[in-house]
2 protein chains.
Amino acid sequence: MSLIQPHNPAAGAERHYGDRQEFMTESTPANMHFHVVSGGARLFKSLPDGRRQIIGFASRGDVLPAYPCTHYHYSAEAMHTLRVACVPAPYLRHLHETSPGACAASLHTARQLLIGLHGRLLMLGRQTARERLAAFLIGQGTRMGQDALWPVDPAISRADMADFLGLTTETVSRLLSAFHREKLISRQRRAIHILDLDRLRAIVAHSG
Amino acid sequence: MSLIQPHNPAAGAERHYGDRQEFMTESTPANMHFHVVSGGARLFKSLPDGRRQIIGFASRGDVLPAYPCTHYHYSAEAMHTLRVACVPAPYLRHLHETSPGACAASLHTARQLLIGLHGRLLMLGRQTARERLAAFLIGQGTRMGQDALWPVDPAISRADMADFLGLTTETVSRLLSAFHREKLISRQRRAIHILDLDRLRAIVAHSG
DNA sequence: CGCCACCTTGACAACTTTCAAGCCTAGTGG
DNA sequence: CCACTAGGCTTGAAAGTTGTCAAGGTGGCG
């Protein structure tokens, strides 16, 4: 769910934010990129009546760019605590104009993001709640690479999963209970571990 | 719905495709970019059981890039007739590595696509069928700029709208009838015209 | 003129949400 | 140290939106 892979840590003031503090607001003038130093952030868009869709999660090393350079086109808020470095937009622009390597790197990450979003379009448009949650759990489990299975990031609440998957917290909760009954996952405290990756994969691909 | 804005028309063989011919297939080795010379194309991803989600439509000037340079990550098929110029992947890569301007242009279009996709995530995840269709009609009406209102591209069928919006053709058809009854649109032949843009906008933003 | 693909409409079913309790857990203050 | 409280999580029952299945309608093209 990263937004843009690491650039050189750019010079710029560092800022701290507390739990649920919004540090980037949609439709607000944009002149800063934010480079996540530590902690995590939710990136989201919302409708006037409060419905919200999480676009992605950002963590250490990700850059939240202010692309159109006029306004941010989504909002971002801290999960637990967050430290970001502010990168002036002109700085990165200048870097892109002068260094082909930097520009190519940004292009590469933008394209990776596009691929991910195309997949999520398919998920939100055509998959059932059960399939979406299974896909999310797999994504969380393999987020550090295919070698090991990680538990779901404990900073991600039911409400976050729901906003990410286009569901309600109740539906997420019910499905997690179902997966637990079916021994696909284990739940201890808030931690969710994958027990049967293959069967989860079958749920996503096929309509199981 | 364009995929990538015009580059210099690159050298490369030109190809013709007939209605519904698939010229780019997901998970297939990728070594060519396609530059649309004329006609239109549907870009989509599908699930093993046939459910499909249209990612976007491509028309004259758009470039369908083979980014990860190993496999295409979505499929594309001709709408009616299509002419594309094939651009060898190494050609564009070389251009990006040597010309900062070309790379910056690609980055810019990739970012525009990202912004569009973020909006569609919100649409598919959180908006009702009625809101989605209204948003689609507005997008079609203003696709050539804010000055004039265009009818929906007649090459786009009910099934296309459904696959784009994550709905069924029946739902699309019922909603179009409802919009017609409410005098929001007119339907003559296959052509759909917007009659009341403001009210359509109200449906999208607010939950009307 | 007739066929075929696409579109429309209806009735019904299914999935997901909504509304409403109740529960658990962690953090707080007595 | 323990009870209390607040927020998040779980579960149930009912409602609503959208999908499914099925039957016509319509227009274009051979």
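Naming convention: chains lettered A, B, ... in sequence-line order (proteins, then strands); numbering from 1 in each chain.
When the C1' atom of dT8(C) is taken as reference, atom CZ of Arg181(B) falls 11 Å away, rounded to whole Å. Residue His80(B) contributes atom NE2, which lies 14 Å from atom P of dC6(C) at whole-angstrom precision. Distance Phe179(A) CZ to dC9(D) C1': 17 Å, rounded to the nearest Å. Summarising the geometry, the separation between CG on Leu176(B) and C1' on dC7(C) is reported as 10 Å, rounded to the nearest angstrom. Distance, Gln188(B) CD to dC7(C) C1': 17 Å, rounded to whole Å. For the pair Leu165(A) CG and dT16(C) C1', the interatomic distance rounds to 13 Å; values are reported in whole Å. Between the CD atom of Glu170(B) and the P atom of dA23(D) there is a distance of 14 Å, rounded to whole Å. In this structure, CD1 of Ile185(B) is placed 13 Å from P of dC7(C), rounded to the nearest angstrom.
Distance from the side chain of Thr168(A) is smallest to dT17(C) among dT17(C), dG19(D), dT10(D). Among dT8(C), dT11(D), dT16(C), the nucleotide with an atom closest to any side-chain atom of Ser177(B) is dT8(C).
The phosphate of dC6(C) has OP1 or OP2 within less than 4.0 Å of a side-chain N or O from Arg20(B). For the OP1/OP2 pair of dT16(C) and a distance below 4.0 Å, the side-chain nitrogens and oxygens of Arg132(A) include no atom meeting the criterion. Taking 4.0 angstrom as the limit, Arg190(B) places none of its side-chain polar atoms (N or O) nearer than this to OP1 or OP2 of dG27(D). Between dC15(C) and Arg174(A), no contact under 4.0 Å exists linking OP1 or OP2 to a side-chain N or O. Regarding contacts with the backbone of dT8(C), a side-chain N or O of Arg187(B) is found under 4.0 angstrom from either OP1 or OP2.
Using a 4.0 Å heavy-atom distance criterion, Ser157(A) is classed as a sugar-phosphate-only contact. No engagement by Thr169(A) is indicated, since no non-hydrogen atom pair under 4.0 Å with the nucleic acid exists.
Salt-bridge annotation for Glu182(B) and Arg130(B): present, with a side-chain N of the basic residue lying under 4.0 Å from a carboxylate O of the acidic one. Ion pairing between Arg52(B) and Glu77(B) holds under the 4.0 Å rule for side-chain N and carboxylate O.
Between Ile156(A) and Arg189(B), the residue whose closest nucleotide on DNA chain D is further toward the 5' end is Ile156(A).
Between Asp196(A) and Lys183(A) there is no side-chain heavy-atom pair separated by less than 4.5 Å. Looking at Leu114(B) and Tyr67(A), their side chains come closer than 4.5 Å, going by heavy atoms from C-beta outward. Annotation: side chain of Thr128(A) is in contact with side chain of Arg51(B) (closest heavy-atom distance under 4.5 Å).
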